2 protein chains.
Amino acid sequence: MEEEKETLKSRKVITIGIVSELTGLSVRRIRYYEERKLIFPERTKQGSRKFSFSDVEALMDIANKIEDGVQTHEIRREMARRERGLTDREVRDQMLKGQLRAHFGETRS
Amino acid sequence: MEEEKETLKSRKVITIGIVSELTGLSVRRIRYYEERKLIFPERTKQGSRKFSFSDVEALMDIANKIEDGVQTHEIRREMARRERGLTDREVRDQMLKGQLRAHFGETRS
DNA sequence: CGTGTAAGGAATTCTGACACG
DNA sequence: CGTGTAAGGAATTCTGACACG
């Protein structure tokens with residue numbers, strides 16, 4: 001049984017408009033990153049997205065990687081690797097490869 | 001110069017609808033407590049209120065006192081006393097008096 | 001692939017006011 | 001005094017789609 005304790009940082013209480021102001025990202029981009037499974041906001045009864053401070057942090061990291069040319073697909077993989085418990089060393093190594101691919105403009109990744 | 005550092009708890013990022021869900025208080029009551037100077041939400045550019053987790057906590061305390069028959073005016077005073085740096089002992093003493101007034105249904109307070 | 005935009009609808013929020021008590 | 005409600009308007013959010021590249 002996995003118990004996740006609710007912290008101030010993990011509670012989903014921020015609407016997308018405020019997240020947009022906090023991160024500087026457009027609402028469109030935030031929705032897109034959710035679509036690509038990079039963030040997982042909750043929903044209000046009506047259906048509006050609710051984010052946490054952790055999500056805000058994650059979004060800023062994502063934005064930086066996107067700027068570096070890393071594709072959402074790659075970012076998604078990095079997350080998966082971390083979840084599997086790889087060491088920081090291994091993850092950094094994988095990330096470096098991603099960066100190199102980005103810089104050399106590889107067609108397929 | 002008073003410097004206030006922004007913590008996760010003090011950042012104003014929650015809209016009134018979510019605060020309502022979090023506290024169980026009606027939107028009307030939350031707005032009223034602001035009117036009575038018990039809470040101080042910030043505003044978005046457009047004018048919507050933004051609350052912090054601290055505000056949410058404060059609202060729950062306020063709600064409890066209201067249930068006990070304490071008037072907003074009294075609650076406001078308790079806050080003022082705390083801001084002035086009274087000891088917990090003194091504040092508790094003052095609060096007790098307020099409770100008593102409430103229980104005995106005093107006309108003027 | 002990543003992101004902007006126009007489209008149409010539904011729900012939110014705001015203020016000032018009237019009601020009741 | 002504390003809180004509900006109807007009123008009218010403005011801004012938000014949602015989804016699916018078309019555009020560009």
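Here is how names work: the chains are called A, B, and so on, in the same order as the sequence lines, proteins then strands, and each is numbered from 1. Small disclaimer: the values here were computed from a predicted structure and weren't measured.
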* Tell me which residues in residues 45-62 of chain A put a heavy atom below 4.0 Å from DNA chain D, sorted by number, or none. => A/G47, A/S48, A/R49
* Structure fact -> Expected list for residues 21-36 of chain B near DNA chain D, using heavy atoms below 4.0 Å, is B/S26, B/R28, B/R29, B/Y32, B/Y33, B/R36
* Examine C/dT12: is either OP1 or OP2 under 4.0 Å from a nitrogen or oxygen in the side chain of B/T15? Give yes or no. => no
Sub-4.5 Å side-chain heavy-atom contact between [X] and [Y]:
{"X": "A/D55", "Y": "A/F40", "result": "no"}
{"X": "A/V13", "Y": "B/F53", "result": "yes"}
{"X": "A/R11", "Y": "A/S52", "result": "no"}
{"X": "A/P41", "Y": "A/K50", "result": "no"}
{"X": "B/I66", "Y": "B/Q71", "result": "no"}

* Got a sec, which residues hit salt bridge (Lys or Arg N to Asp or Glu O under 4.0 Å) with A/K37, two or more places apart in sequence or on another chain? -> none
* **Partner residues of B/K65 under the salt bridge (Lys or Arg N to Asp or Glu O under 4.0 Å) criterion, sequence neighbours left out** => B/E78
* **Expected output: side-chain B/S54 to main-chain B/K9 donor-acceptor under 3.5 Å** => yes
* Asked: Given C/dC14, D/dG2, D/dT13, which nucleotide is nearest the side-chain atoms of B/I16?
  -> C/dC14
Between [N] atom [atom2] and [X] atom [atom1], what is the distance in whole Å?
{"X": "B/E42", "N": "C/dC14", "atom1": "CD", "atom2": "C1'", "answer": "18 Å"}
{"X": "B/E67", "N": "D/dG2", "atom1": "CD", "atom2": "P", "answer": "14 Å"}
{"X": "A/I18", "N": "D/dT13", "atom1": "CD1", "atom2": "C1'", "answer": "13 Å"}

* Are A/E83 and A/R77 within salt-bridge range, i.e. N to O under 4.0 Å? -> no
* Using 4.0 Å as the upper bound for N to carboxylate O, is an ion pair formed by B/R49 and B/E42? -> no
* **All stems with DNA chain C, defined as three or more consecutive Watson-Crick or G-U pairs under 3.5 Å** => C:2-5 with D:17-20, C:17-20 with D:2-5
* Asked: Just checking B/T72: base, sugar-phosphate only, or nothing, at a heavy-atom cut-off of under 4.0 Å?
  -> sugar-phosphate
Counting only pairs under 3.5 Å, give me each side-chain donor-acceptor contact of residues 14-22 of chain A, with atom names and distances, residues two or more places apart or in other chains.
from: A/S20; atom 1: OG; to: A/L25; atom 2: O; distance (Å): 2.6

